**Student:** 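Questions regarding the structure given below will be posed in turn.
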Amino acid sequence: MTPLSPPEAAAHRAALLDWYSRHARDLPWRRDPRPWHVWVSEIMCQQTRVSSAIPYFERFIARFPTPAALAAVDIEAVYPYWAGLGYYARARNLHAAARQVAQTHDGEIPSDPEVFGALKGVGRYTRGAVMSIAFGHREPVVDGNVVRVLCRLLAVEADPRSAPVQRGLWASAAALVDGERPGDLNQAVMELGATVCTPKSPTCLLCPLQGACVARATGQPERLPVKPARKAAAQVALVAGLARDDAGALWLARNPDQGLLGGQWRLPGLPADDPQALTALGLTPTAATPLITVHHAFSHQRWTVAVYPARGTPRGGDFVEFRAVPEAALDGLPLGGPALKALRALGLKIKARRGAGR
Ligand code: SF4
């Protein structure tokens with residue numbers, strides 16, 4: 001793709017900033033855009049809708065008003081404030097980065113993009129968002145909303161995840177932000193994608209870019225960005241054991257931090273069709289038929305988990321920890337989606353929930 005030229009970018013910047021001045025949503029982190037607020041909000045809003053993230057943000061900031069406050073607690077104390085947002089790796093990375101800020105930067109969030117970008121879990125997007133919004137650096141952002149707006153504006157007919165298109169998108173975003181009010185400009189493009197240039201029904205008549213938008217001129221802007229054909233998800237059958245200790249607490253297992261459901265808790269189980277496979281985890285199934293079978297779709301796998309009643313103390317497998325958890329303590333744990341579904345279906349009341357989309 002051909003990136004935006006500086007004159008094109010300047011014209012779009014003016015239109016976007018004017019639009020943003022009149023249409024920016026009133027959000028808690030915009031009322032008080034100190035760097036910590038911007039950082040936390042940007043992490044929370046990745047893969048979570050803004051409206052869903054707001055109450056989480058307010059609770060989190062009330063409990064952890066600075067990076068030092070977050071750094072001072074163990075990660076286990078953070079999970080109750082994240083339970084429901086999902087994608088717990090974000091919480092672990094933010095916690096690790098807050099400790100870096102506390103230990104290496106005297107508790108001050110670095111204002112140098114290179115230094116900030118070297119913190120744990122800070123990728124290109126987070127660096128651009130925090131540096132532009134909180135510190136006024138001309139650093140670009142490209143997220144799903146920016147991809148959609150730019151692919152339509154420029155009529156990009158190739159896979160937006162391909163390397164050449166990615167380069168063109170980042171170059172265009174860099175051209176757009178290379179002027180006044182860089183933080184507002186980045187937020188304007190993302191806001192436009194979230195509220196006007198929406199995936200299925202863009203309201204082009206309200207768009208400040210309508211006069212220049214090539215996809216709009218074709219009459220079918222919703223065709224873009226190109227959606228590459230997805231590979232069929234692999235079907236995976238698993239068995240899991242529902243076992244309790246002598247006090248009635250439920251045995252759970254924690255995944256390694258890396259990989260699918262990284263760091264999350266689940267019922268001890270493994271890929272298999274036969275419940276006897278649970279003996280490899282120290283559990284003995286006590287019935288031949290499952291208590292329940294749950295289905296859960298990931299982007300590249302579809303799990304079918306048969307949950308059997310079991311006795312014993314779990315051990316082994318790929319898990320990093322086992323813990324007997326009283327039912328009343330389940331709310332605060334980062335539970336994986338399949339476990340959440342199974343336990344709820346079995347009548348346990350658990351608050352954790354997930355959201356998706358900005
Ligand atoms: Fe999106 Fe329509 Fe605006 Fe083009 S004119 S950027 S398709 S909302």
Side-chain angles (χ1 to χ4, degrees), residues 1-27 30 42 45-53 124-125 128-129 132-133 138-230 356-358:
M1 67 175 278
T2 308
L4 284 172
S5 68
E8 287 170 326
H12 298 330
R13 185 184 314 121
L16 284 161
L17 287 174
D18 177 62
W19 176 84
Y20 186 71
S21 296
R22 289 180 284 117
H23 296 286
R25 286 174 290 183
D26 176 31
L27 301 173
R30 287 183 180 163
E42 286 299 334
C45 289
Q46 287 166 26
Q47 285 130 347
T48 301
R49 263 188 291 273
V50 163
S51 55
S52 305
R124 201 172 177 186
Y125 168 81
S132 63
I133 299 168
R138 294 178 179 182
E139 290 270 324
V141 296
V142 174
D143 72 347
N145 286 314
V146 176
V147 168
R148 190 164 55 254
V149 170
L150 290 177
C151 282
R152 289 174 176 174
L153 176 68
L154 302 171
V156 177
E157 296 281 353
D159 180 353
R161 292 181 303 185
S162 68
V165 175
Q166 278 290 307
R167 274 195 298 277
L169 292 170
W170 279 95
S172 298
L176 277 174
V177 81
D178 191 18
E180 57 174 336
R181 296 167 59 195
D184 284 353
L185 184 283
N186 280 339
Q187 291 183 93
V189 187
M190 292 191 279
E191 190 99 335
L192 189 71
T195 62
V196 175
C197 194
T198 53
K200 291 195 178 125
S201 47
T203 42
C204 300
L205 285 175
L206 302 178
C207 178
L209 304 178
Q210 58 180 286
C213 180
V214 184
R216 180 181 182 245
T218 69
Q220 284 187 305
E222 62 284 349
R223 227 176 28 82
L224 297 174
V226 170
K227 289 166 204 67
R230 278 198 171 180
R358 193 175 176 96

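None of the values given here were measured: they were computed from a predicted structure. One-based numbering, in listed order, for ligands and for the atoms of each.
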**Student:** Calculate, to the nearest 0.5 Å, the distance between atoms CG and SG belonging to L16 and C207 respectively.
**Tutor:** 7.5 Å

**Student:** Any salt bridge linking R223 with E157? Criterion: basic side-chain nitrogen under 4.0 Å from a carboxylate oxygen.
**Tutor:** yes

**Student:** Does D26 pair with R30 as a salt bridge, N-O distance under 4.0 Å?
**Tutor:** no

**Student:** Going through the checks in order, is the side chain to side chain contact (heavy atoms under 4.5 Å, CB included) test met by I133 and E42?
**Tutor:** CA-CA 10 Å; I133 299 168; E42 286 299 334; 3.7 Å; yes

**Student:** Return the number of protein N, O or S atoms with a distance to atom 2 (Fe) of ligand 1 smaller than 2.8 Å.
**Tutor:** 1

**Student:** Side chains of P221 and C204, heavy atoms from C-beta outward: is any pair under 4.5 Å?
**Tutor:** yes

**Student:** Would you please test D159 and V165 for side chain to side chain contact (heavy atoms under 4.5 Å, CB included) and show each step?
**Tutor:** CA-CA 7 Å; D159 180 353; V165 175; over 6 Å; no

